[in-house]
Amino acid sequence: MTEARTGTAPVTGGELFYEVAEGTGPTVVLLHGGLLDRHSWDEQFARLAALGRHVVRYDARGHGRSSTVSGDYAHHDDLRALLAHLDVPRAVLVGLSLGSRIALDTALTHPDRVAGLVLTAPGVSGRPFTDPFVTHHTEQQIAALGAGGEEGVGRFVEHFLRMWADGPHRSPAEVDGALRERLRASVTANVLRHAAGFGAGRPLEAGAADRLGEPAVPTLVLTGELDGADILANARALADAAPHARDTVLPGAAHMVPLERPDLFERELDAFLASL
């Protein structure tokens, strides 16, 4: 693997921590899910770098080694500032969950910066969560945060795992234990590091729910067959509306598709990048 260089890029009210592996071809930017960080892409980052691609990953604001939220902000503007800092004119944005939400909003607000989209388990700004499974665990997360302390953090993280590692169709015992513990460690670290930013500012978004037909770039939408109803509905809406989108449902995975089925995810990603 090409040795990666790290740095920080200034954004309004803070900075983003990033890693870059220099290579050829269109720049690929990996965007992690909510309460995770850039390390959720360890395997894909290393693999793309070993293939000689120019690849970037970073911690979104309020995550990992980037700044804690201190006021209103826009993830899509943060990403544009990062691309400008790195002198990247256009990039293929590869997102997971919140990362897909950011990628889609960036394609809508800064279309000149986006060459393609891979939207995995996509969130869509402006589309609320209505699945009772998700709303129940979200309510329990809020209660856990209110309880405070180590026990409260532990309960908060476990509800995250129930929603986004296990999903509505599996018990915790049916999910790979190493995956659950990897996610538990990441989420716990983020909660502890950035707790001061919870509620400190509003994420300003593009309202993508009403603009799904606008992205004019090649778009691949990937979901796991065991994910929740809201995410699967987001994927269908994107595939139906976006003019250059196709969607694929991958077996044996819930929400964390690249972590659960890296073989299938990377096959689809390779084919998409080769088609550009």
Side-chain angles (χ1 to χ4, degrees), residues 11-12 16 25-34 55-58 60-61 72-131 134 201-224 227-250 255 257-258 265 268-269 271-276:
V11 295
T12 302
L16 303 179
T27 299
V28 178
V29 180
L30 304 172
L31 299 98
H32 62 77
V55 57
V56 177
R57 63 176 174 173
Y58 72 102
R61 188 189 300 244
D72 293 351
Y73 63 98
H75 282 305
H76 52 271
D77 288 341
D78 284 356
L79 176 53
R80 185 188 184 283
L82 173 64
L83 295 176
H85 178 79
L86 296 175
D87 293 321
V88 174
R90 300 180 78 214
V92 179
L93 306 182
V94 180
L96 168 64
S97 191
L98 171 66
S100 295
R101 189 177 182 121
I102 296 169
L104 180 58
D105 275 5
T106 304
L108 293 170
T109 55
H110 307 295
D112 57 316
R113 292 289 187 170
V114 180
L117 294 168
V118 178
L119 307 177
T120 310
V124 174
S125 62
R127 282 179 69 100
F129 287 99
T130 60
D131 183 345
V134 172
R202 296 176 301 122
L204 307 177
E205 298 184 300
D210 299 321
R211 305 173 62 184
L212 296 182
E214 291 184 30
V217 295
T219 301
L220 173 64
V221 184
L222 299 174
T223 49
D227 209 339
D230 291 322
I231 299 301
L232 294 172
N234 287 348
R236 285 193 296 270
L238 278 161
D240 289 345
H244 303 291
R246 70 174 181 87
D247 68 317
T248 299
V249 179
L250 302 179
H255 194 66
V257 175
F265 174 82
E268 296 290 338
L269 177 62
F272 180 79
L273 293 175
S275 72
L276 297 179

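All values below come from the heavy atoms of this structure, side chains included, with hydrogens, waters and symmetry mates left out. Positions are given from 1, in the same order as the sequence printed here.
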Q. Looking at residues at least two apart in the chain, or sitting in another chain, which of them share a side-chain hydrogen bond (donor to acceptor under 3.5 Å, both in side chains) with D210?
A. none
Q) Tell me, which pairs form a salt bridge (charged side-chain N to carboxylate O under 4.0 Å, His left out) where one or both residues lie in residues 92-108, sequence neighbours left out? A) R101-E205
Q | ring-ring contact (aromatic ring centres under 6.0 Å, His included): pairs with one or both residues in residues 93-120, sequence neighbours excluded | A | none
Q) Which value, rounded to the nearest 0.5 Å, describes the distance between L238 atom CG and D247 atom CG? A) 9.0 Å
Q | Donor-acceptor pair, side chain of D230 and main chain of T130, under 3.5 angstrom | A | yes
Q: Applying side chain to side chain contact (heavy atoms under 4.5 Å, CB included), name anything that partners A121, two or more places apart in sequence or on another chain.
A: L96, D227, I231, H255
Q) Taking side chain as C-beta onward, heavy atoms only, is V29 less than 4.5 Å from V92? A) no
Q) Which residues pass the salt bridge (charged side-chain N to carboxylate O under 4.0 Å, His left out) test with R211, sequence neighbours left out? A) E214
Q | Backbone N/O of L117 and side chain of T219: donor-acceptor pair under 3.5 Å | A | no
Q. Hey, which of V124, D240, L108 is the one that makes side chain to side chain contact (heavy atoms under 4.5 Å, CB included) with L212?
A. V124
Q | Residues forming a side-chain hydrogen bond (donor to acceptor under 3.5 Å, both in side chains) with T109, sequence neighbours excluded | A | none
Q. Where do T12 and D77 land on the side-chain contact (heavy atoms from CB on, under 4.5 Å) test, with the steps shown first?
A. CA-CA 9 Å; T12 302; D77 288 341; over 6 Å; no
Q) Can you find a pair of side-chain heavy atoms, one from R90 and one from V114, that are under 4.5 Å apart? A) no
(Q) Could you check whether any side-chain N or O of T27 sits under 3.5 Å from a backbone N or O of V55, counting only pairs where one atom can act as donor and the other as acceptor? (A) no
Q) How would you list, by chain and number, every residue that makes a ring-ring contact (aromatic ring centres under 6.0 Å, His included) with H76, sequence neighbours excluded? A) none
**Q.** R202: salt bridge (charged side-chain N to carboxylate O under 4.0 Å, His left out) partners, not counting sequence neighbours
**A.** D72
(Q) Between P122 and L104, is there a side-chain heavy-atom distance shorter than 4.5 Å? (A) no
Pairs of donor and acceptor atoms involving the side chains of residues 79-86, under 3.5 Å and at least two apart or interchain, shall be tabulated with distances.
residue : atom : partner : partner atom : Å
H85     : NE2  : T8      : O            : 3.4

Q. Just by modelled atom types, is the L222 backbone N or O under 3.5 Å from a matching donor or acceptor in the T248 side chain?
A. no
(Q) Just verifying a value: how many Å separate L276 CG and F272 CZ, rounded to the nearest 0.5 Å? (A) 4.5 Å
Q. If every non-hydrogen atom of H32 is compared with every non-hydrogen atom of A60, which pair is closest and at what distance?
A. NE2-N, 3.0 Å
Q | Where G34 and L98 come nearest, the two heavy atoms and their spacing | A | N-CB, 3.4 Å
Q: Would you please name every residue forming a side chain to side chain contact (heavy atoms under 4.5 Å, CB included) with A271, sequence neighbours left out?
A: none
(Q) I want to check something: taking the side chain as every heavy atom from C-beta on, are L220 and L119 in contact at a cut-off of under 4.5 Å? (A) no
Q: Applying side-chain hydrogen bond (donor to acceptor under 3.5 Å, both in side chains), name anything that partners S275, two or more places apart in sequence or on another chain.
A: none
Q. Would you say L31 and S100 make side-chain contact, with heavy atoms under 4.5 Å?
A. no
Q | L232 backbone acceptor or donor facing T223 side chain under 3.5 Å | A | no
Q: Please report the closest heavy-atom contact between S125 and G207, naming both atoms and the distance.
A: OG-N, 3.3 Å
Q.
Is the shortest side-chain heavy-atom distance between L204 and Y73 below 4.5 Å?
A. no
Q. For R246, which residues count as a salt bridge (charged side-chain N to carboxylate O under 4.0 Å, His left out) partner, sequence neighbours excluded?
A. E268
Q | Intermediate values then yes/no, side-chain contact (heavy atoms from CB on, under 4.5 Å), R61 and V11 | A | CA-CA 9 Å; R61 188 189 300 244; V11 295; 3.4 Å; yes
